[in-house]
Amino acid sequence: MNLSLRKYDAILATVQSIPAGKVATYGQIATLADLPGRARLVGTVLNKLPQDSGVPWHRVVNAKGEISFRGDGESVTEQEILLTEEGVELSPQGRIRLGEYRWEP
DNA sequence: CTGGTGACAGGAA
DNA sequence: TTTCCTGCCACCA
């Protein structure tokens with residue numbers, strides 16, 4: 001078992017600790033998981049996550065408050081819907097108001 | 001082993 | 001306010 005796997009677990013645990021109706025940025029997750037500056041790893045990890053991982057990945061967005069995904073919008077739309085269902089309101093530009101919904105541990 | 005890729009962030013203009 | 005450039009490191013061929 002790789003020690004890096006423990007870091008993945010820390011990332012997943014942090015994402016799962018995000019309360020409903022709130023969102024967190026990749027950098028924030030990375031910092032909370034003791035991986036400062038490794039925001040890309042958070043995205044890479046989530047990208048490889050299975051669908052039944054039970055991780056609320058839809059609450060994780062980039063620093064701009066936008067929903068990220070390899071440029072394709074289908075999954076992005078699903079993420080927007082999930083967030084809206086939880087009470088997260090989106091800006092007209094399709095961006096989340098981090099000042100309002102950013103998770104502050 | 002080397003090189004390229006990637007759900008990003010932060011600073012500068 | 002947004003856009004562009006750079007750095008960061010795990011994973012894949």
Side-chain angles (χ1 to χ4, degrees):
Chain A
M1 303 300 266
N2 297 337
L3 269 58
S4 299
L5 197 62
R6 181 170 127 42
K7 300 295 186 179
Y8 283 28
D9 185 54
I11 293 172
L12 298 179
T14 303
V15 175
Q16 287 176 108
S17 63
I18 302 172
K22 293 285 184 179
V23 297
T25 65
Y26 291 97
Q28 192 174 0
I29 298 298
T31 300
L32 293 172
D34 195 49
L35 295 168
R38 313 296 177 270
R40 307 184 81 164
L41 298 186
V42 177
T44 301
V45 171
L46 295 179
N47 187 19
K48 299 178 190 293
L49 277 180
Q51 297 177 345
D52 56 351
S53 59
V55 178
W57 55 270
H58 54 270
R59 293 179 192 153
V60 185
V61 296
N62 61 22
K64 301 179 217 159
E66 286 182 312
I67 296 171
S68 304
F69 245 120
R70 307 197 198 161
D72 189 352
E74 290 189 27
S75 296
V76 172
T77 302
E78 280 301 302
Q79 188 168 11
E80 289 185 24
I81 294 172
L82 289 169
L83 289 172
T84 302
E85 298 275 305
E86 293 183 351
V88 178
E89 194 173 327
L90 297 175
S91 236
Q93 298 180 357
R95 306 198 320 214
I96 297 168
R97 302 190 286 192
L98 294 176
E100 302 275 328
Y101 297 103
R102 184 169 181 174
W103 175 45
E104 300 173 47

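Naming convention: chains lettered A, B, ... in sequence-line order (proteins, then strands); numbering from 1 in each chain. Note that this is a predicted model, so its numbers are computed, not measured.
The nearest whole Å value for the distance from the CG atom in A/L32 to the P atom in B/dA9 is 13 Å. Between the CZ atom of A/R97 and the P atom of C/dT1 there is a distance of 13 Å, given to the nearest Å. When the P atom of B/dC8 is taken as reference, atom CD1 of A/I96 falls 14 Å away, rounded to whole Å. Distance A/L35 CG to C/dG7 C1': 16 Å, rounded to the nearest Å. The CZ atom of A/R40 sits 13 Å away from the P atom of C/dT6 (whole-angstrom rounding). For A/N47 and B/dC8, the CG to P distance is 9 Å, given to the nearest whole Å. Taking atom CG of A/L98 as the reference point, atom C1' of B/dA9 lies 13 Å away to the nearest angstrom. The CD1 atom of A/I11 sits 10 Å away from the P atom of C/dC11 (whole-angstrom rounding).
Looking at heavy atoms from C-beta onward, A/V23 lies out of side-chain contact with A/W103 at the 4.5 angstrom threshold.
Remark on DNA chain C: of its neighbouring residues A/L41 and A/K64, the 5'-side contact belongs to A/K64, judged by nearest-heavy-atom nucleotide. For A/Q93 and A/T44, each mapped to the nucleotide of DNA chain C holding its nearest heavy atom, the one lying further toward the 5' end belongs to A/Q93.
If you take CH2 on A/W57 and CD on A/Q79, they are separated by 5.0 Å, rounding to the nearest 0.5 Å.
A/R38 comes within contact range of the sugar-phosphate backbone alone, with a heavy-atom separation under 4.0 Å but no base atom that close. Residue contacts for A/G27: at a heavy-atom cut-off of 4.0 Å it reaches the sugar-phosphate backbone alone, with no base atom in range.
Between A/S68 and A/V76, the closest heavy-atom pair is O-CG2, 4.4 Å.
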Test A/L35 against A/V42 for side chain to side chain contact (heavy atoms under 4.5 Å, CB included), laying out the working first. CA-CA 9 Å; A/L35 295 168; A/V42 177; 5.8 Å; no
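In the set C/dC12, B/dC8, C/dA10, the nucleotide with an atom closest to the side chain of A/N62 is B/dC8. The A/R95 side chain lies nearest to C/dT2 when the options are B/dA9, C/dT2, B/dC8.
For the pair A/Y8 and C/dC9, the criterion of a side-chain N or O lying under 4.0 Å from OP1 or OP2 is not met.
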Would you be so kind as to tabulate the donor-acceptor pairs closer than 3.5 Å made by side chains of residues 81-96 of chain A, with sequence neighbours excluded?
residue	atom	partner	partner atom	Å
A/T84	OG1	A/E80	O	2.8
A/E86	OE1	A/R59	NE	2.9
A/E86	OE2	A/H58	NE2	3.0
A/E86	OE2	A/R59	NE	3.4
A/E86	OE2	A/R59	NH2	2.9
A/Q93	OE1	A/R95	NH1	3.3

